[in-house]
Structure formats: structure tokens, C-alpha cells
**Q** 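Below is the structure I would like to discuss, written out as C-alpha cells.
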Amino acid sequence: MTAIAVPAARIRRRRPAWLRGPSLIGLISLGVWALVAVTIPLWTPNDPLAPVAGRLLGPSVKHWMGTDALGRDVLTRTLWGARISIPVAVTVIISAVLIGTIIGAAAGFLGGWVDAVLMRLVDITMAFPPILLAMAITASLGPGIRNALIAMVLVWWPIYARLLRAQVVAVRQREYIDSAVAIGASRWLILRRYVLPMSYTPVLVNATMDFGQVVLLTASLSFIGLGARPPSPEWGAMITEGATNFYQWWIAASPGIAILLVVLACNFVGDALRDSFDVKEVTR
Amino acid sequence: MSADVPGVDSNVTAGRRPILSVSDLCVTFTTSAGPARAVRGVTFDVYPGESVAIVGESGSGKSVTMMALLGMVANADISGSATYRGSELIGMEVSRLRHIRGSKVAMIFQDPMTSLNPVLTIGRQMSLVMQAHQPDLSKKAARTRAIELLDQVAISQAARRCDSYPHELSGGMRQRVMIAMAISNNPEVLIADEPTTALDVTVQAQIMELLGDLRRDHHLAMVLITHDLGVVAGAADRVAVMYAGRIVEQGAVGPLFADPGHPYTRGLLDCLPRLDERHEIRASIAGVPASPMSLPPGCPFAPRCSYVESRCSESEPFLERHHETLSACFVLAGDGLAAAAVDG
């Protein structure tokens, strides 16, 4: 009857889903990118903006990802790219979540005409493909990474507003809200301590996944010349430069792989977070 | 209502004013299928320290009545009056009403499993509720008071339980927490909406006993909403029986149980198992409760009533004296005493 014996490892309390498997890899990889973004000036292998070797050299021991059309080290530039993409994505996600929370909570909690007006605003914004709207806004504000950031916040907040509103409307109906009202809790207290903490899960999960999407959108805007401009080592802008040197694949592949790694890591973590919270909902 | 209501002990009420006074309260919900008249002219008083039970089937309007007087019924037409110590509650602004909810009139709900905030420890949510009414109460003082209250509602290891989340407690313990929270701001009236329905029988008895003790210790007036006449007999001074949004009979517990003056009350009492009789099958009241969407003309109970006469479907009876209770029945109350005697 050895089959009954449970391995000791099984009995040990399992780590939460977001600290296991792919999600752990994702978290570590995001952590490494963040570390690179913060510390790269201290240990940069080369100057990201100055030519360090001959033009269009292939990968070698000295320059792992080769050099670009101006003789700059591609790997160095890719690592410096994290210094742009990651802070931009963090700022966009935090701002969009903040705005989305305020609008979504107001719409869901107050209801009536406030809800109707705010949600129509959300509908209008979401009627456009995000990339198209972001392009239009950036173009009208003028190209540049700062304007691209503003455009992305404007495109992104409605997602969170709608998610949060749906949750708030559902949580507001729960019986414990009634019982809090009956013993005299104010609306502000109920919203803050009773409704929002129970409504935040989908926003949190989506924000994690969207982090990768924002990195991608930043690169896309830069790729078409609306975000960061060359010589800036932004990933999208680097791919544009690489696109003109089709046979020197390493120039475009290097930032491309960087984007892939970040987006993949975010999806891993987001998926696991969603699973984690789902389980919690079921066994509540 | 005046003090000569049968069942209101004149010794209790002599020279005293009701703490809660509801008169001619109507609540009508507008639905896509037409108006639903959930409460139709309910009148009753609650005196300080007294326990009043409101009894009725599901949908008879008992909960809606109490929710309406705390301003917790949305999307409904509410008319009539409900006063707390003379100040009108119906139509009061929410900001003023909030200071009455919890600190003067508190309410506890049926299902303790869903009535607590799942993301806050019980000590924390008790503190928040106290601080809502006493803004200058410090966090530490609120916690001390929370532990004291948990102790009062007989939760063992109160200091430790204070840091528990609701899901870590049993149903009975959660209802105790709800009660502790409801009395934390020293209200004068406690409305208990079916406080024991979701609990098993032994726990029910403990909770009712606890409510009785608290009522004595804090001189609380209690409004007990229930469909369980067994609970009423032990815990209430006075009973109001509701049917189809109206009080159909009202009186002191003793006389009302001994000599009910409304066929509906009789039906309810016949449903109770008795120790001194042997019945294989309990009687039940035939038919279904009247729908607030389509009330029959005349007495709403007429279609299910075994005493029904032709006049019952012509006009609706009002409360009239029947021996020691007030009853809204043409046949048994008022001139119908002979019929009652025959039946007895």
C-alpha cells in the first residue's frame, strides 16, 4: 500500500499560485528588468549613444548582439531601453488605475445619471481601437515619449473604470453592506472599507497583464515615430532603425526579444494572480 | 396609537411615550408589472424596554416595514409616518438619519454568514462602526471596547477573536458579533430581523437568551421580526401579526396565543406542534400568501380562510376589539364573537 503514502513535499503547504512555476519565472524576470533599469548607469558595458566599434558588426564575444548602423553596441542600447519602457509602463498603469478607480467607483456607487454619463464616456473611448486612439492623441499633442504616455493613460483608464464599476455594482448588493448601513456607517466609509477592497481583484489582475501591453504599445508608438525618437535607445525606435537593415537581424531582434520577455513575464504573473484570486472566491 | 390598546400594559406605559411610533406606513414598489403594495397602512408603537414581535409569512411586509423606517428602502413610494422620540424618520435626510441608525435604532439581519465584512477583522469593523458615531474615540479605546462587547455577548477569548476574520467564526459566533456590533453605540431600540433563522436550533436558543439578557441589562426596546411563533412566545411582550402588508392582529402574547381573534393567527398556531396532543400530520394553511401585486378585493386572507363569508370579499376589515386583542376580521372580531364561541 505504498501508493497511499503521500510524499512529504505534498503535505507541506503549497506556495500561492503566483509564487510557483511560470509566475515565479515571470516575477524574477520582471525583477531583473527593473534592477537593470535602475542600475544600468553604474555598470553599463558601453555608452548607449556613442559609436564603440565598426558599423553593422554581427554578434561577437566583445559585442554579444553586434553593433548597429552607427556602430553603437546593440545589447547596451537594449538594456538602456528598460530605463524608458519600464518607468513609462509603471506610470501609465498607475495613472490609469487611479483614474479608472475614481470614475468606476463613482459610477458604480452613485448610480443614476452619474453612472450613465460616466459610462457613456467610457463607451465612447472604448469604441476606438486603442492603438488608433493613442496614435491620434499623440499626433495631436505632438510626438514625444511624454505625450505618448499621456495618450496611453487616456486610452487605458476606461478599461479599469468599467471593470471596477461592474464589481462595485455587484458588491453593493451584498447583505453586509446593508448591515453596515443599518448600524450607521457613512457612504464614504462603506465605499472605502466595505466595497472597494472586495472589488479590486479584477483590476489588479488586469493591471498586471496590461503592464506588458503598455510596454508593447509604447514600442508601437515609437516604432511609427510618435513616441521616443532616435537616438533614444527605446525598444520601438530601435526596431525602426533595425527595419532598414534587414540582413543585420540582430539590430531589430535584440529589442524585440526584450519586449517579448517583458510581455510574457507579465502574462505569466497575471494568469497566476487570476487563478489565485478565483480559488479564493470559490472557497470564501 | 393610544395607550388603551389591549395588550399594552398600562403599568408599563402609564405616563410614558412610545420610543418608536409607526402610523399608517405604506410602502409601494413600482415594478414593470405594476405597483407592488408591500406595506399597506401599518400602525404600531414600541415603548422603552418593551419587546414587540412582528410575525408573518415571507412577503408579508414585516422586514420592509422596518427597513423603510430606517430609510433603507430604495425605489419605493413611502407614505405615512414613523417617529423616533417624536422626530419623523420618513423623509429625513440621510445625513441626519445616519446618526439615528446604529446609535439610536440598530438593526441586525437574518444571515450572519453574509452580514459581516469579509475583508476586515471583526475587531476592526466593530471599531469602525463605533468611530462612525463617536469620531473622537481613539483606535485603542475602540478596540478595548470591542473586546468588552465581545465578552458581553459570551464570545470566549474575546481578545483573540477580535483579530479573527469572519470566515474563521461559526454562524452562531458571527451572529453574536453582529449583536455586539449593533449594541456597540448603546442604541435604545434593537430591530432583529429573523436573528435566528439561519442558525441551528440549539444556537437559536442561546441567541434568544442572549438577546433577552442584553434587553434587560441595557433596557433595550426590541422589535423582533420572525415567522417562528415558538421564538415569539419566549421573547416578546406583545405581538403584531402581519398578512399582505397589514397588521391583522395585535395584542399581548398571552391572550393572543390563548384566544386568537383572526383566522390567520389561528392557522399559524395550529401549525405549531404541541406536546399535549398527538397529531400525525400538522395542519397547515391552505393556499399561497396573497401577492402584493394583485390583492383580492376585501380581506386579503379571504381566499384561504375557513371562516369566510360573503361580506369578506366586499370590503377590507379594520382592526377591532376581539376579547383582549385587536383583530381585523369581520367574522371573529366585532360582532363575530358568537362564531368564535362556537368554534371554541
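Naming convention: chains lettered A, B, ... in sequence-line order (proteins, then strands); numbering from 1 in each chain.
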**Q** Can you name the residues that form a salt bridge (charged side-chain N to carboxylate O under 4.0 Å, His left out) with B:R161, not counting sequence neighbours?
**A** none
**Q** Sort and list the pairs that fulfil salt bridge (Lys or Arg N to Asp or Glu O under 4.0 Å) and have at least one residue in residues 112-133 of chain A, not counting sequence neighbours.
**A** A:D115-A:R165, A:R120-A:D123, A:D123-A:R162
**Q** Determine which residues belonging to residues 175-190 of chain A lie within contact range of chain B, meaning some heavy atom pair is under 4.5 Å apart, and list them by number or answer 'none'.
**A** A:E175, A:Y176, A:D178, A:S179, A:V181, A:A182, A:I183, A:G184, A:A185, A:S186, A:L189
**Q** Sort by residue number and list every residue of residues 98-113 of chain B having at least one heavy atom under 4.5 Å from chain A.
**A** B:R98, B:R101, B:G102, B:V105, B:A106, B:M107, B:F109, B:Q110, B:D111
**Q** Would one find more than 12 heavy atoms of other residues, nucleotides or ligands at under 6.0 Å from atom CG of B:D200?
**A** yes
**Q** Atom CZ of A:R193 and atom CG of B:L128: how far apart are they, to the nearest 0.5 Å?
**A** 5.0 Å
**Q** Would one find more than 12 heavy atoms of other residues, nucleotides or ligands at under 6.0 Å from atom CZ of B:R96?
**A** no
**Q** For the candidates B:L116, B:V129, B:L70, B:N117, which exhibits the highest count of non-hydrogen atom pairs separated by less than 4.5 Å from chain A?
**A** B:N117
**Q** Relative to chain A, which segment of B:Q131 carries a heavy atom at a distance below 4.5 Å: side chain, backbone, both, or neither?
**A** neither
